[in-house]
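Supplied in structure tokens, the structure appears directly below.
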Amino acid sequence: IWKFLESPATGEDYALLKTKKMQGLERSLESLCSLLKESHNMRGKWFPLKKIDKGGQGSFYEAIHSYPAEIYAMRKIEIHKDFSPSDWFSLINELKILMIILESDKPSLLRIYEIELKHEEYCAIYMEYGSGDLSAYNEYRRSNKKEWTEEELFSIASAIHNQLTELASMNIYHRDLKPTNIIITPAGEIKLIDFGLASESKDNVGKYWRGTEGFDAPEMKKERSYNLHKVDLYALGKTIEFLIQWSTKEYPKIRQLIKVLTSNKPEERKFEEQFKTVHKLIKDEGFNNYQLQKIAQTDGDKNYIVLSLD
């Protein structure tokens, strides 16, 4: 059901094909999410609370589940009449990847709790809550003159590398790794998000340019094919480099890591043992509180409710 966008069908044929495939996807998700609810012992309903951010495709909300009554994140994508084939491709590709991640239930990866799809209305993805993304946290530290330590940077790099390795073991490659696609949970864990441009490939080969300028490996534009894992490693190097741009520290070991990961020769990009460290939580209650105050001060979308939980 993932290949229908490759069909040359147009007009009414395309619309009919799309509807049939989306209905099939709906049934698959419904069955999978039913099993998921049982495994997570989630027997209640979801309620959106307050809009917290707007991304390239969809908006992010705080959401609460009635049982267990905890705060989660909800990404809601409105499926409107102007949804283009590329919009559909991105959405369906991400759903496919998220279903694989969801079934794997690996604690190091982003935890998905439910995916709700109404093919003529919206898609809602319920996931673990993040205090903010790595770019926002970096700006918070810069404005408060809290320079990164090498230990913290190695911890972030190791956490991301571990997730890239886990994904690669499932033949998944992110292809759009950057600070805004990395969240920090309230507990201080680093998690990759946004798999709209990710690739599932058994042979680890990509053929088209995907990603964000400044974080995309040079071979993506120059070569007819490229190693997907090496492209992710390049983006990891550029992400760490982004974090230290404003710092006055030297970071000799970190700069060595960046040099290796951003080499123009893909075969030289290796996350060697000397760079690996025990992943430590990036806890910062100041940032958590700052983000909560920021959300509270934003009017955002009025599509939210207030619950009284006894």
> Relative to the ring of Phe287, is the ring of Tyr137 parallel (under 30°), tilted (30 to 60°) or perpendicular (over 60°)?
Replying inline: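 Tilted, since the angle between the ring planes falls between 30° and 60°.
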>> Can you tell whether the side chains of Glu152 and Arg141 come within less than 4.0 Å, N to carboxylate O?
In response: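 Looking at Arg141 together with Glu152, the answer is yes, because their closest N to O distance falls below 4.0 Å.
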>> Apply the hydrophobic cluster definition, ILVMFWY joined by side-chain contacts under 4.5 Å directly or through others, and give me every member besides Leu281.
In response: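 Other cluster members: none.
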> Under 4.0 Å between a Lys/Arg side-chain N and an Asp/Glu carboxylate O for Arg111 and Glu189?
Replying inline: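 The answer is no: the pair does not qualify as a salt bridge.
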> Can you name the salt bridge (charged side-chain N to carboxylate O under 4.0 Å, His left out) partners of Arg255, sequence neighbours left out?
Replying inline: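 By the salt bridge (charged side-chain N to carboxylate O under 4.0 Å, His left out) rule, Arg255 matches no residue at all.
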>> Ile97 vs Glu94, test: side chain to side chain contact (heavy atoms under 4.5 Å, CB included). Steps then yes/no.
In response: CA-CA 5 Å; Ile97 299 297; Glu94 182 163 16; 5.7 Å; no
> Is there a side-chain contact between Phe195 and His174, using heavy atoms and a 4.5 Å cut-off?
Replying inline: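 Yes, their side chains come closer than 4.5 Å.
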> Should Met170 and Ser104 count as side-chain neighbours, where that means a heavy-atom distance under 4.5 Å?
Replying inline: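 Yes. Closest side-chain heavy atoms under 4.5 Å.
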> Mind checking whether Ile254 and Phe154 have side chains closer than 4.5 Å, heavy atoms only?
Replying inline: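 Yes. Closest side-chain heavy atoms under 4.5 Å.
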>> Please check this pair: side chain of Asn171 against backbone of Ser169, looking for a donor-acceptor N/O pair closer than 3.5 Å.
In response: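 Pair absent, no side-chain N/O of Asn171 close to backbone of Ser169.
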>> Assess the residue pair Asp133 and Ile193 against the criterion (side chain to side chain contact (heavy atoms under 4.5 Å, CB included)); give the C-alpha distance rounded to whole Å, side-chain angles, the decisive distance to 0.1 Å, and a yes or no.
In response: CA-CA 10 Å; Asp133 63 54; Ile193 64 169; 5.9 Å; no
> Roughly how far, to the nearest 0.5 Å, is CD of Glu128 from CG of Leu109?
Replying inline: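 Separation between the atoms: 9.5 Å.
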>> Looking at every non-hydrogen atom in both residues, tell me the closest pair between Gln163 and Lys191 and how far apart they are.
In response: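 Where Gln163 meets Lys191 most closely, the heavy atoms are OE1-CA, 3.5 Å.
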>> Tell me whether Lys253 is salt-bridged to Glu150, with the criterion being a basic N under 4.0 Å from an acidic carboxylate O.
In response: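 No, Lys253 and Glu150 are not salt-bridged.
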> Is it true that Trp148 and Tyr251 have ring centroids separated by less than 6.0 Å?
Replying inline: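 They do not qualify: ring centres at least 6.0 Å apart.
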> Does the pair Asn162 and Ser108 meet the rule for a side chain to side chain contact (heavy atoms under 4.5 Å, CB included), with working shown?
Replying inline: CA-CA 8 Å; Asn162 289 344; Ser108 64; 5.7 Å; no
> When you look at Lys249 and Thr149, which way does the side chain to side chain contact (heavy atoms under 4.5 Å, CB included) test go after all the steps?
Replying inline: CA-CA 9 Å; Lys249 291 185 177 181; Thr149 65; 4.3 Å; yes
>> On a heavy-atom basis, which atom in Asp232 and which in Leu177 lie closest, and how many Å separate them?
In response: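 Looks like O-CD2, 3.6 Å.
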Would you tabulate the side-chain donor-acceptor contacts of residues 233-245 under 3.5 Å, counting partners in other chains and residues two or more places apart, or write 'none'?
{"from": "Lys238", "atom 1": "NZ", "to": "Glu241", "atom 2": "OE1", "distance (Å)": "3.2"}
{"from": "Thr239", "atom 1": "OG1", "to": "Ala235", "atom 2": "O", "distance (Å)": "2.8"}

>> Do Leu134 and Thr180 have side chains that approach each other closer than 4.5 Å (heavy atoms only, starting at C-beta)?
In response: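 No, their side chains stay 4.5 Å or more apart.
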> Where do Trp246 and Lys146 come nearest, in terms of heavy atoms and distance?
Replying inline: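 So the minimum-distance heavy-atom pair works out to CH2-O, 3.5 Å.
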>> Atom CD of residue position Glu139 - does it have more than 12 heavy atoms of other residues, nucleotides or ligands inside 6.0 Å?
In response: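 Counting other residues, nucleotides and ligands, CD of Glu139 exceeds 12 neighbours.
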>> Between Asp176 and Arg210, is there a side-chain heavy-atom distance shorter than 4.5 Å?
In response: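 They are not in contact (no side-chain heavy atoms under 4.5 Å apart), so the answer is no.
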> Of all heavy-atom pairs between Pro266 and Lys230, which one has the smallest distance, and what is that distance?
Replying inline: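 The pair with the smallest heavy-atom distance is O-CD, 3.2 Å.
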> Any side-chain heavy-atom pair from Asn138 and Pro179 closer than 4.5 angstrom?
Replying inline: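 No; the side chains remain at least 4.5 Å from each other.
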>> Does the plane of the ring in Trp46 sit parallel, tilted or perpendicular to the ring in Tyr72? Use 30° and 60° as the thresholds.
In response: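 The rings of Trp46 and Tyr72 stand perpendicular, inter-plane angle above 60°.
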> With respect to Glu219, which candidate in Arg224, Arg269, Lys207 satisfies the salt bridge (charged side-chain N to carboxylate O under 4.0 Å, His left out) definition?
Replying inline: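 With Glu219 as partner, salt bridge (charged side-chain N to carboxylate O under 4.0 Å, His left out) holds for just one option, Arg269.
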> At their closest point, which heavy atom of Ser143 faces which heavy atom of Tyr140, and how far apart are they?
Replying inline: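 Closest approach of Ser143 to Tyr140: OG-O, 2.9 Å.
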> Does a side-chain heavy-atom distance below 4.5 Å link Leu257 with Phe271?
Replying inline: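 Yes, side chains in contact.
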> For the residue pair Asn204 and His229, what are the closest heavy atoms and their distance?
Replying inline: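 Residues Asn204 and His229, closest heavy atoms: OD1-N, 3.0 Å.
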> Got Ile182 and Leu192 here, is their nearest side-chain heavy-atom distance under 4.5 Å?
Replying inline: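 Yes - at least one pair of side-chain heavy atoms lies under 4.5 Å apart.
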>> Does Glu250, at its CD atom, have more than 12 non-hydrogen atoms belonging to other residues, nucleotides or ligands within less than 6.0 Å?
In response: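 No, CD of Glu250 has 12 or fewer neighbouring heavy atoms, counting only those of other groups under 6.0 Å.
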